[in-house]
Every structure is written in C-alpha cells, then in structure tokens.
Amino acid sequence: MSDIPSDYAGARVIPSPNHGERKGGRRPDIILLHYTGMPDAHGALEWLRNPVSEVSSHYFVYEDGRVIQMVPEARRAWHAGAGFWKGDSDINSASIGIEIVNPGHPGGLPPFPDVQINSVIKLCQDIAKRWAIPPERVLGHSDIAPRRKIDPGENFPWGLLAENGVGHYVRPTPLGGGRFFQKGEAGPPVEAIQSMLALYGYGVPVSGEFCERTEGVVEAFQRHFRPEKVDGVADASTIDTLHRLLKALPAIG
Ligand SMILES: [Zn+2]
C-alpha cells in the first residue's frame, strides 16, 4: 500500500519524499512538461525518489504509457528549479510537473512513442480540468528556464497535444527570407520583439538590446513554437509565429 492517494485515476502511486508546501498556499495553475534526459527509465524514477537528489515531479510517464504519481498535486514537487513565467519566479509552487521518459538531447532525441504521448495528453486533460488550468499555461521546462534547460526538446509534439486541447499553439509560419534580428543588434524592433516575448510570459528584458539572455529566450520560444530551426535568431518566421500566438491568446480582463 502507498501512503498517498492518487489524484489521477490512471496513475499508480510510487511516492517520493522530495516535496514541500506550496508557498503562500498557491494553487497550481501551470502544467510543466519535462523529459527525463537519462539513459533509462528505472534510473530516472529512482533519482526522483532519492532524498539525496532533492528533485521530484508529480508524475512520471513511461514510454509504454504507464503513469506513476510520486507527489500529491496539492504539494510542491521539486522539478522546475530557478525560472520565470508571467511574473512568477517560484515555478514549483505554481505548477504540476510531469516527467516524460526520454533520453533527450544526450540520447540523440529519439521520438516520443504515440502511446506515451496519448497518456500525457489524457493526464494533462485531467489535471487541466480539475485545476482549471488554461491551455496557454501548459509549458515546457525550457520555456521557464531558457538555456539552463532545453527539455522536453524540439521533437516534443506540441502540435499534437494542442489538437487534443492541451497547450496553446499555432501552426508555425514557414521559414523564409526577410529581415531578421540577432545577438549584438539594438533598436526599436528588438525592443518590440522583447515586448512580445515578455507579454507572452517569457523572462526577457525589454531593453532594446539583443543580449545573450534575449538570444536564449528566442531559442526557447523556437524550441516550443517554431522547432524547425532553433538558433536564437529572430527571423521573420519566428516573429510572425510569435505575433499570431499572441493574437490567439484569450483577451485579458
Ligand atoms: Zn526538466
């Protein structure tokens, strides 16, 4: 018998001791997706349950679609680390974390099996419904911690999730020519790009200077929303995709 009940009917409970109180009694309103980035599932699961690691996540989804719950949703699991999204810097207090088994970039970014993604979709649908989490707050680890984190990676099928009501997505504008902006440039267009990224939620300075940080955020944006080319250069396709994504947000207030 496990010592915590499952919040999701499709999950088996294998508890992790690595969790605490959500700060200020915060209700989760972000779903944060990760890949495990380790060679095998067993090692990843054990690491997330090892008190020495001081990391955990609420859920863990195997390649064959099985779902494990390690931490109760009401508790603060330790999966996000330092990060930022739309004014929040304690992402662990604001989110429910899902680790998806995949060796990630170190393992050559193998595709996520359909059966695994179907499980992730069902799990996210259930969490989003129970906590009233809107699609635009289903994020990747790389979104809240650009450069420091690159998971779940540019192979993650965000478009397929969105077709199933999970996450916010527009079909990326095709690559093409046109004016582009990159590190070292400065001026009002750079400031406009930064403003759009910040409005969407990214932790980027609105300085008019295309700095290292800005490049990292453009890269994170591309990894999620324009994965065909992840190079940190704000090309016309990147800017147009960002613009259309903002227009597709629900009206504020
Ligand atoms: Zn992660």
Side-chain angles (χ1 to χ4, degrees), residues 11 14 16-20 22 28-63 67-71 73 75-86 88-113 116-117 119-121 123-124 127-128 133 136-158 161 166-168 201-203 213 216-217 219-225 227 230:
I14 303 182
S16 167
N18 302 336
H19 57 85
R22 291 188 183 275
D29 64 357
I30 290 173
I31 297 175
L32 197 67
L33 304 183
H34 306 259
Y35 65 46
T36 50
M38 286 172 69
D40 75 282
H42 179 75
L45 186 68
E46 288 313 301
W47 182 242
L48 294 164
R49 302 181 60 234
N50 185 340
V52 169
S53 76
E54 301 191 328
V55 293
S56 62
S57 68
H58 295 89
Y59 293 99
F60 183 93
V61 182
Y62 281 99
E63 283 153 311
V67 180
I68 302 295
Q69 182 167 12
M70 285 181 279
V71 174
E73 289 176 7
R75 302 282 292 170
R76 180 178 180 274
W78 305 337
H79 53 96
F84 179 90
W85 193 259
K86 269 207 168 173
D88 274 313
S89 51
D90 179 5
I91 303 299
N92 280 335
S93 283
S95 67
I96 289 173
I98 302 174
E99 285 282 355
I100 302 163
V101 174
N102 186 283
H105 292 84
L109 274 184
F112 295 85
Q116 183 183 35
I117 292 303
S119 257
V120 170
I121 288 170
L123 174 60
C124 289
I127 295 168
I133 299 175
E136 67 273 16
R137 294 183 70 85
V138 179
L139 304 169
H141 201 183
S142 50
D143 292 313
I144 66 105
R147 283 255 156 100
R148 189 176 72 78
K149 293 293 173 181
I150 54 174
D151 62 309
E154 55 272 29
N155 270 2
F156 190 74
W158 290 105
L161 268 71
V166 177
H168 183 228
Y202 286 94
R213 173 82 191 164
V217 169
E219 205 177 277
F221 174 82
Q222 291 169 332
R223 209 179 287 289
H224 185 156
F225 296 105
V230 181

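Counting convention: from 1, in listed order, for ligands and their atoms alike. It should be emphasised that the depicted structure is a prediction, and the values quoted were computed from it without experimental measurement.
Shown are Ile100, Val67, Val166; of these, the side chain to side chain contact (heavy atoms under 4.5 Å, CB included) with Leu123 is made only by Val67.
Between the Zn ion (ligand 1) and Glu99 there is no N/O/S contact shorter than 2.8 Å. At least one N/O/S atom of His34, from backbone or side chain, sits under 2.8 Å from the Zn ion (ligand 1).
Minimum-distance N/O/S atom of His141 relative to the Zn ion (ligand 1): ND1. The Zn ion (ligand 1) lies closest to atom OD2 when only the N/O/S atoms of Asp151 are considered.
Remark: the backbone N or O of Val55 is paired with a side-chain donor or acceptor of Asn18 at under 3.5 angstrom. The closest donor-acceptor contact from the side chain of Tyr35 to the backbone of His105 lies under 3.5 Å.
Remark: the Asp90 side chain and the Ser93 side chain contain an N/O donor-acceptor pair separated by less than 3.5 Å.
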